[in-house]
**Student:** 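Starting off with a structure, shown below.
Read the numbers this way: they start at 1 and go in the same order the structure lists the ligands and their atoms. Atoms considered below: every heavy atom in the structure, side chains included; atoms not considered: hydrogens, waters and symmetry mates.
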Amino acid sequence: MNTNASAQTSLKIVGPALPHLPWEDRPADSSDVVWRFSQNPIINHDAIPTSNSIFNSAVVPFGDGFAGVFRCDDKRRLMQLHSGRSTDGLHWTIDPDPIRFIPDSPQVEEISRFEYGYDPRVCWLEDRYYITWCNGYHGPTIGVGYTYDFQQYYQLENAFLPFNRNGVLFPRRINGKYAMLSRPSDNGHTPFGDIYYSESPDMTHWGRHRFVMGPIGGWQATKIGAGPTPIETSEGWLLIYHGVLTSCNGFVYSFGAALLDLDQPWKVIARGAPYLLAPQAPYERTGDVPNVAFPCAALVDAPTGRMAIYYGGADTVVCVAFAYVNEIVDFVKQNPVR
Ligand code: BMA
């Protein structure tokens, strides 16, 4: 059997063809559903002169190549967002100047003083790239902005009151509304955290909040949070999410997957019991915050189901792992939380 072929499936993936996405076949001696890029990390902590660390970052297809928003903690240890471009998705040129959002309206100007920004997500939705991030406004909440060109960025109202983290947009309207997952939190190193669903008619007013899922034990015992933009499939939305375990040595961040109902995404169809990837490589175990694998983006080639997951390693570097969407869906269905 060719272990590099994706499993036979009738799964349909909604999305563009992306034949040039970064890719490396599964190692011959591996049966893992998610496998690491052999050249990890792809971005080192000092990729720009001012950076202490670059991690938890989001990328999308853009033009002939790729673009993204990167979390760069600077040498003052302030958390900044930077724009980046790449032709192959692996070698990145990161703008040395941080993003400064332009208020989209006079009302937004009132809240637009940049305190800090981290853990960005980027989502192509209708006609532009939306950015959501953890935005400092009297504590962490979900900042929302957009760009057309990854040069000028515009800011909208924060989606929620503090405290909230891990705001992740769905890539299309659901039942006519914009839709977002988020994780209400506290002002510190939150020891709890459930994923909620919220909707909006206009990307400004968010409501009709619904509980999606919470921590359940093991690698996802303490808190969970949505990762990359959910991937639409004929079996439901495939959500990759991080889960946190509290060990004697502090938090351990791994990631796994769940399938959410297409029309009512707060309904969980299946949730994988085992993790897909836990911090086991040296660059996930050692860094500014040890034992962290934190996914913020995924590139998918819809016709083949090949997928490149971008995640931060140990709050220090950017890494990539590969998978087939249909294999993750099968894995979740075959190894569900009961
Ligand atoms: C979370 C966020 C992430 C970080 C993680 C581990 O609360 O701050 O950016 O990767 O902690 O430190």
**Student:** Could you give the N/O to N/O pairs under 3.5 Å linking ligand 1 and the protein, each with its distance?
**Tutor:**
unit_1   : atom_1 : unit_2 : atom_2 : d
ligand 1 : 7 (O)  : Tyr253 : OH     : 3.4
ligand 1 : 9 (O)  : Asn56  : ND2    : 3.0
ligand 1 : 9 (O)  : Arg71  : NH1    : 2.7
ligand 1 : 9 (O)  : Asp119 : OD1    : 2.8
ligand 1 : 9 (O)  : Asp119 : OD2    : 2.7
ligand 1 : 10 (O) : Asn56  : ND2    : 2.9
ligand 1 : 10 (O) : Asp315 : OD1    : 2.6
ligand 1 : 11 (O) : Tyr253 : OH     : 3.1
ligand 1 : 12 (O) : Asp315 : OD2    : 2.6

**Student:** So which atom in Tyr241 and which in Ala257 form the shortest heavy-atom distance, rounded to 0.1 Å?
**Tutor:**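 Minimum heavy-atom contact is CE2-C, 3.5 Å.
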**Student:** When the aromatic ring centroids of Phe170 and Trp237 are compared, is their separation below 6.0 Å?
**Tutor:**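 Ring centres of Trp237 and Phe170 closer than 6.0 Å.
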**Student:** With sequence neighbours left out, write down each residue that passes ring pair (Phe, Tyr, Trp, His ring centres under 6.0 Å) with Phe255, or none if nothing qualifies.
**Tutor:**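 Counting only residues at least two positions away or on another chain, Phe255 forms a ring pair (Phe, Tyr, Trp, His ring centres under 6.0 Å) with Tyr311.
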**Student:** Before you tell me yes or no, could you show the steps for Ile269 and Leu260 under side chain to side chain contact (heavy atoms under 4.5 Å, CB included), namely the whole-Å CA-CA distance, both residues' side-chain angles and the distance that decides it to 0.1 Å?
**Tutor:** CA-CA 5 Å; Ile269 297 169; Leu260 310 180; over 6 Å; no
**Student:** Below 6.0 angstrom between ring centroids: does that apply to Phe101 and Tyr154?
**Tutor:**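 They do not qualify: ring centres at least 6.0 Å apart.
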**Student:** Do the ring centers of Phe62 and Tyr129 come within less than 6.0 Å of each other?
**Tutor:**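 Yes, the ring of Phe62 comes within the 6.0 Å limit of the ring of Tyr129, centre to centre.
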